[in-house]
Amino acid sequence: MPTLHHECRAIGRRYAMLIDVGYLYAAASEIILGATSRREYKVDAERLITSLMARAGEHLPEGELLRVYWFDAARDRVPTVDQRVIAPMALVKVRLGNLNSRGQQKGVDAMIRTDLEQLARHRAISDAILLAGDEDMIPAVEIAQAFGVRVHVWGVEPPYGTNQAERLLWEADTLDVISADDCRDYFTRIGSAAAASTKIAGAPMAEPVPAQPSPASVFGQRHSVAVKTNAADALEEAEQARPSFVRSSSNDLDQETVTSIGEYVAHKWILTRGRENIADLLPGPTLPTVIDKELLVEAEKELGYSLRDHPGTRIWVRDGFWERVNREFDIEE
């Protein structure tokens with residue numbers, strides 16, 4: 001029979017990763033792309049998380065990963081496309097704070113502190129990898145250490161100086177720096193942002209205007225009147241736009257009816273997710289698997305029938321979705 005000492009040793013080999021996504025993305029995009037806004041780039045988050053897990057395994061070779069806590073933010077806490085893709089990953093827990101109208105994260109630091117303290121109090125881990133830079137983390141680090149947890153603070157290589165609070169670095173048990181090369185493969189600049197930031201002698205350079213702008217650039221520049229800051233208001237408006245039809249049987253479903261349902265689902269997406277998140281789906285016409293499934297499920301709810309055995313009808317739903325997106329933002333197909 002294992003003794004309490006042996007049981008504690010087994011549990012003590014566990015570690016958790018607590019990642020402030022706002023800090024990670026801002027710091028990495030600055031040194032890699034010179035970007036100052038999250039709208040200027042896209043991140044292959046799944047591959048990035050996998051690489052961070054591998055790095056942690058090398059850092060703590062005798063340890064067992066409990067899970068990765070991925071602390072991010074979203075408008076009205078409605079998950080973005082990227083966040084919905086990350087959430088089902090094994091050993092990854094997505095924690096969402098609120099993103100206000102100025103693009104500022106609210107509540108994220110508090111969630112990180114709470115989770116670190118609770119993990120330490122309940123003896124769930126012996127080590128914590130904290131990828132963050134804010135001085136607000138210090139009290140939680142001190143509490144975790146008081147419960148015997150070793151806190152390893154990771155940071156992203158700064159372009160100059162430091163991008164982490166000095167006192168946070170003082171309190172860490174160990175420090176590690178993620179280089180620009182370690183992150184480079186996962187960050188991609190959105191094409192229209194590169195030319196927009198080019199300047200000479202303090203004056204913006206004249207930009208060549210393409211004869212046929214890309215869907216992403218059109219989407220990013222246009223301000224949709226449909227975007228709502230409140231999810232409840234957005235859903236109420238979407239409800240008013242629901243198409244009406246008489247359900248009889250699945251054999252009676254015509255292309256016009258099914259397409260209108262696809263448009264309605266797209267309308268809800270635009271209202272509740274906002275144009276920034278819909279832009280992640282462009283240029284189309286292929287949707288990410290998780291979003292495509294949601295589209296079909298929503299369509300089946302509205303139609304009252306399963307579309308599993310109707311591949312042609314599923315195509316009509318997708319066509320309607322893209323018709324609405326293209327029309328809303330004046331995108332030429």
Let me see the working for Q145 and E171 under side chain to side chain contact (heavy atoms under 4.5 Å, CB included), right down to the final yes or no.
-> CA-CA 9 Å; Q145 289 170 329; E171 297 300 330; 4.3 Å; yes
I129 side chain reached by L60 side chain, heavy atoms, under 4.5 Å = yes
How close do A56 and M17 get, heavy atom to heavy atom, and via which atoms?
-> CB-SD, 3.6 Å
Hey, could you give me the OH/NE2 distance between Y15 and H59, rounded to the nearest 0.5 Å?
-> 10.0 Å
Taking the side chain as every heavy atom from C-beta outward, state whether L131 and L18 have any atom pair closer than 4.5 Å.
-> no
With rounding to the nearest 0.5 Å, note down the distance linking CD in E142 to CD in E117.
-> 10.5 Å
Closest approach of A45 and W70, non-hydrogen atoms and distance?
-> CB-CZ2, 4.5 Å
Check the pair I261, W316 against side chain to side chain contact (heavy atoms under 4.5 Å, CB included), reporting the backbone distance first and the verdict last.
-> CA-CA 9 Å; I261 293 298; W316 293 343; over 6 Å; no
Just how far is it from atom OG1 of T162 to atom CD of E157, taken to the nearest 0.5 Å?
-> 11.5 Å
With the side chain counted from C-beta on, respond yes when E135 and I138 share a heavy-atom pair under 4.5 Å apart, and no when they do not.
-> yes
Kindly work out whether a path of hydrophobic side-chain contacts (I/L/V/M/F/W/Y, heavy atoms less than 4.5 Å apart) joins L130 to V177.
-> no
Salt bridge (charged side-chain N to carboxylate O under 4.0 Å, His left out) contacts in which one or both residues fall within residues 50-59, not counting sequence neighbours = R55-D176, R55-D182
For L168 and D134, which heavy atoms make the closest approach, and how far apart are they?
-> CD2-O, 3.7 Å
Walk me through it: do Y25 and D72 pass the test side chain to side chain donor-acceptor pair (under 3.5 Å)?
-> CA-CA 10 Å; Y25 281 12; D72 205 354; 5.6 Å; no
What distance do I125 atom CD1 and R150 atom CZ have between them, rounded to the nearest 0.5 Å?
-> 10.5 Å
Looking only at atom types and distance, does a side-chain atom of D173 sit under 3.5 Å from a main-chain N or O of V151, one as donor and one as acceptor?
-> yes
Checking side chain to side chain donor-acceptor pair (under 3.5 Å) for the pair D127/H152: CA distance, chi angles, key distance, verdict?
-> CA-CA 7 Å; D127 296 81; H152 311 274; 2.8 Å; yes
So, do Q164 and Y23 sit near enough that their side-chain heavy atoms are less than 4.5 Å apart?
-> yes
Look only at the side chain of D76 and the backbone of V78, and say whether a donor-acceptor pair between them is shorter than 3.5 Å.
-> no
Short question: side chain of R123, backbone of F147 - any donor-acceptor pair under 3.5 Å?
-> yes
Residues, nucleotides or ligands: over 12 heavy atoms within 6.0 Å of Q118 CD | yes
Could you go through the side chain to side chain contact (heavy atoms under 4.5 Å, CB included) check for R67 and V92 one step at a time?
-> CA-CA 6 Å; R67 68 180 58 90; V92 175; over 6 Å; no
Heavy-atom nearest pair, A128 first then L116, reads CB-CD1, 3.7 Å
Could you grab the distance from atom NZ of K106 to atom CE of M111, nearest 0.5 Å is fine?
-> 13.0 Å
Non-hydrogen side-chain atoms of L33 and T188 separated by less than 4.5 Å | no
Smallest heavy-atom separation, V153 atom then A172 atom, equals CG2-CB, 3.4 Å
Between R75 and L99, is there a donor-acceptor pair closer than 3.5 Å when you use the side chain of the first and the backbone of the second?
-> yes
Report the C-alpha separation of E263 and H267 in whole Å, then their side-chain angles, then the decisive distance to 0.1 Å, and conclude whether the side chain to side chain donor-acceptor pair (under 3.5 Å) test is met.
-> CA-CA 6 Å; E263 291 192 48; H267 184 56; over 6 Å; no
Do NZ/NE/NH1/NH2 and the carboxylate oxygens of E64 and R13 come within less than 4.0 Å?
-> no
Please name the pair of heavy atoms, one in R77 and one in L96, separated by the smallest distance, quoted to 0.1 Å.
-> NE-O, 3.2 Å
Any side-chain heavy atom of T313 sitting closer than 4.5 Å to one from Q255?
-> no
Do you reckon V149 sits in the same ILVMFWY cluster as I143, going by side-chain contacts under 4.5 Å, direct or chained?
-> no
Using a 4.5 Å cut-off on heavy atoms from C-beta on, say whether the side chain of D20 contacts that of D109.
-> yes
Can you list the steps and then say if L91 with L65 is a side chain to side chain contact (heavy atoms under 4.5 Å, CB included)?
-> CA-CA 8 Å; L91 302 182; L65 175 63; 4.2 Å; yes
Roughly how far, to the nearest 0.5 Å, is the CD1 atom of I178 from the CD1 atom of I31?
-> 11.5 Å
Could you check if a side-chain atom of C183 sits within less than 4.5 angstrom of a side-chain atom of I32, using non-hydrogen atoms only?
-> yes
Judged by atom type as modelled, is there a donor-acceptor pair below 3.5 Å linking the side chain of S29 to the main-chain atoms of A26?
-> yes
Audit row: T36, E40, side chain to side chain donor-acceptor pair (under 3.5 Å) steps and yes/no | CA-CA 8 Å; T36 58; E40 297 179 46; 3.3 Å; yes
